[in-house]
Amino acid sequence: MTAVASHAPELRTALLDWYDSHARSLPWRAPPGSTARTDPYRVWLSEVMLQQTTVPHATPYFERFTARWPTVVNLAAVEDSDLMAAWAGLGYYARARNLLACARAVANDHGGVFPDTEAALLALPGVGAYTAAAVAAIAFDRPANVVDGNVERVVSRLFAVQTPLPAARPELKRLAATLVADDRPGDWAQALMDLGSTVCRPKSPLCLMCPISGFCAARAEGQPDRYPVKAAKAARPHRQGIAWVLRDGQGRVALVRRPDKGLLGGMVGLPTSDWAEEVPDATPPAGADWADAGAIEHVFTHFSLTLGVRVAQGSGGDFLWTPEAEALNALPTVFAKALVRGLESSPE
DNA sequence: TAAACGTGGCG
DNA sequence: TCGCCAAGTTT
């Protein structure tokens with residue numbers, strides 16, 4: 001038996017039954033089968049935070065955000081710099097800029113109420129195909145085709161899809177659509193994702209625990225972890241740069257606001273050289289007596305970085321002079337690491 | 001369409 | 001130690 005369309009009803013029943021007893025309990029989630037709809041604001045916020053991000057990493061951010069800003073209207077009123085600081089450490093900072101733009105769009109253009117259709121959600125900043133479908137299904141009970149990385153993996157195994165990712169995306173989405181129905185759309189989406197996360201895992205899938213293994217073509221072949229097939233990835237280049245830790249001797253450090261576009265866009269950062277293949281021959285930001293504080297290593301999605309750290313004392317200049325403890329909290333991780341290195345190397 | 005875009009945990 | 005990977009979106 002495989003996951004052909006004629007078996008969809010039995011497959012759906014098996015997975016929804018499994019979800020009734022195995023659903024993960026998560027702060028943004030209603031219990032399975034709950035008729036009380038989850039707050040669209042919390043669903044949307046969790047979905048954005050969870051993009052390319054693990055549940056354990058996103059969870060404390062979700063708790064802090066919802067405690068500080070209980071509604072989308074509260075969030076819409078936040079200063080940009082406060083929002084960016086609150087997102088620091090979570091990564092993919094374009095999400096934070098779009099999150100704020102989306103909250104303001106809902107507050108200003110939708111009367112503070114999230115739109116309840118997939119198409120209207122899709123028009124919001126930072127809401128793509130996945131997030132629009134997820135919010136429509138989970139918050140509004142729309143039978144949307146919710147396809148994330150988990151669903152792609154589950155479907156690729158159910159149907160033993162040979163096409164490598166990412167080229168297989170459209171095919172996987174079409175196949176996923178054959179399993180969507182009007183009954184319990186939100187639970188269906190979350191059941192598929194929970195299965196992918198806890199049972200149909202990337203490595204060492206737990207087929208003996210799987211409620212739909214009987215429908216799975218990859219399981220029948222005997223090597224389910226062969227799926228999804230993936231295209232080879234390009235090697236990650238390495239870059240080098242210098243970051244300057246300029247201190248005023250009174251507990252403050254010089255930061256700069258980075259441009260909205262590009263890497264770490266909209267975040268505060270340390271003053272830096274360009275980051276290039278060769279160690280740059282760069283001019284420090286002030287005529288101070290710079291000491292070498294070593295270097296830190298950091299890995300981004302598309303390159304790795306050796307960042308040399310230099311420390312000096314100074315004042316003035318066109319900087320955001322920020323208390324060191326506050327800076328540590330507001331900086332993206334790469335700069336927080338560099339600042340720690342600088343502070344350790346020249347304790348006051 | 002492919003590339004840009006962070007971070008931390010795990011095998 | 002290090003590549004893989006996690007609830008993607010934008011340009």
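What you see below is based on every heavy atom in this structure, not just the backbone, and it leaves out hydrogens, waters and symmetry mates. Proteins come first, then strands; the chains are lettered A, B, ... in the order of their sequence lines, and each starts at number 1.
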Worksheet item: B:dA3 P sits how many Å from A:Leu165 CG, rounded?
Response: 16 Å
Worksheet item: With a non-hydrogen cut-off below 4.0 angstrom, is A:Ala58 in contact with a base, only sugar-phosphate, or nothing?
Response: nothing
Response to the item:
From CG of A:Asp225 across to P of C:dC5 the rounded distance in Å is 11 Å
Worksheet item: Which part of the nucleic acid does A:Val146 contact within heavy-atom distance under 4.0 Å: base, sugar-phosphate only, or nothing?
Response: nothing
Discussion item. From CH2 of A:Trp87 over to C1' of C:dT9, roughly how many Å is that when rounded to an integer?
Written reply: 12 Å
Worksheet item: With sugar-phosphate meaning primed atoms plus P, OP1 and OP2, does A:Trp28 contact a base, only sugar-phosphate, or nothing at under 4.0 Å between heavy atoms?
Response: base
Worksheet, complete the sentence: To the nearest angstrom, the CH2-C1' distance between A:Trp275 and B:dG6 comes to 11 Å
Discussion item. What contact category does A:Ser46 fall into here, base, sugar-phosphate, or nothing, at under 4.0 angstrom with non-hydrogen atoms?
Written reply: nothing
Could you write out each protein N or O paired with an N or O of nucleotides 7-11 of chain B at a distance under 3.5 Å?
| unit_1 | atom_1 | unit_2 | atom_2 | d |
| --- | --- | --- | --- | --- |
| B:dT7 | OP1 | A:Tyr93 | OH | 2.8 |
| B:dT7 | OP1 | A:Thr333 | N | 2.6 |
| B:dT7 | OP2 | A:His298 | NE2 | 2.7 |
| B:dT7 | O3' | A:Thr333 | OG1 | 3.4 |

Practice prompt. Select base, sugar-phosphate, or nothing to describe what A:Gly196 touches, counting heavy atoms under 4.0 Å on all strands.
Written response: nothing
Discussion item. What is the separation between atom CD on A:Gln51 and atom C1' on C:dC5, rounded to the nearest whole Å?
Written reply: 16 Å
Response to the item:
Closest of B:dG6, C:dT9, C:dC5 to the A:Lys233 side chain is C:dC5
Discussion item. Looking only at the side chains, is there a donor atom on one of A:Glu47 and A:Tyr130 sitting less than 3.5 Å from an acceptor on the other?
Written reply: yes
Discussion item. Under 4.0 Å between a side-chain nitrogen and a carboxylate oxygen: does that hold for A:Asp116 and A:Arg142?
Written reply: yes
Discussion item. In whole Å, I'd like the distance from the CG atom of A:Leu263 to the P atom of B:dA3.
Written reply: 17 Å
Worksheet item: Is A:His302 near enough to B:dC5 that one of its side-chain N or O atoms lies under 4.0 angstrom from OP1 or OP2?
Response: yes
Item to complete: Report which part of the nucleic acid A:Arg97 touches: base, sugar-phosphate, or nothing (heavy-atom distance under 4.0 Å, all strands).
Response: nothing
Worksheet item: Base, sugar-phosphate, or nothing for A:Pro56, non-hydrogen atoms under 4.0 angstrom?
Response: nothing
Worksheet entry | Result of checking A:Arg169, A:Arg174, A:Lys230 against A:Glu152 for salt bridge (Lys or Arg N to Asp or Glu O under 4.0 Å) | A:Arg169
Worksheet item: Which residue, A:Arg104, A:Arg257, A:Arg97, forms the salt bridge (Lys or Arg N to Asp or Glu O under 4.0 Å) with A:Asp80?
Response: A:Arg104
Fill in: Whole-Å gap separating P (C:dT9) and CZ (A:Arg169)
11 Å
Worksheet item: With sugar-phosphate meaning primed atoms plus P, OP1 and OP2, does A:Arg201 contact a base, only sugar-phosphate, or nothing at under 4.0 Å between heavy atoms?
Response: nothing
Worksheet item: Base, sugar-phosphate alone, or nothing: which one does A:Leu26 contact when heavy atoms must sit under 4.0 Å apart?
Response: base
Worksheet entry | Distance-only polar pair, side chains of A:Asp194 and A:Ser197, donor-acceptor under 3.5 Å | no
Item to complete: Could you check A:Arg29 against A:Gln190 for side-chain hydrogen bond (donor to acceptor under 3.5 Å, both in side chains), going step by step and ending with a plain yes or no?
Response: CA-CA 9 Å; A:Arg29 178 180 278 186; A:Gln190 294 175 98; 2.9 Å; yes
Worksheet item: CZ of A:Phe335 versus P of B:dG6: gap in Å, rounded?
Response: 11 Å
Discussion item. Against A:Thr306, only a single residue in A:His298, A:Gln240, A:Arg239, A:Glu297 fulfils side chain to side chain donor-acceptor pair (under 3.5 Å); can you say which?
Written reply: A:Glu297
Worksheet, complete the sentence: Closest to the 5' end of DNA chain C, once A:Leu50 and A:Leu124 are matched to their nearest nucleotides, is A:Leu50
Discussion item. Students often mix this up, so state it plainly: with edges at 30° and 60°, are the rings of A:His22 and A:Trp18 parallel, tilted or perpendicular?
Written reply: parallel
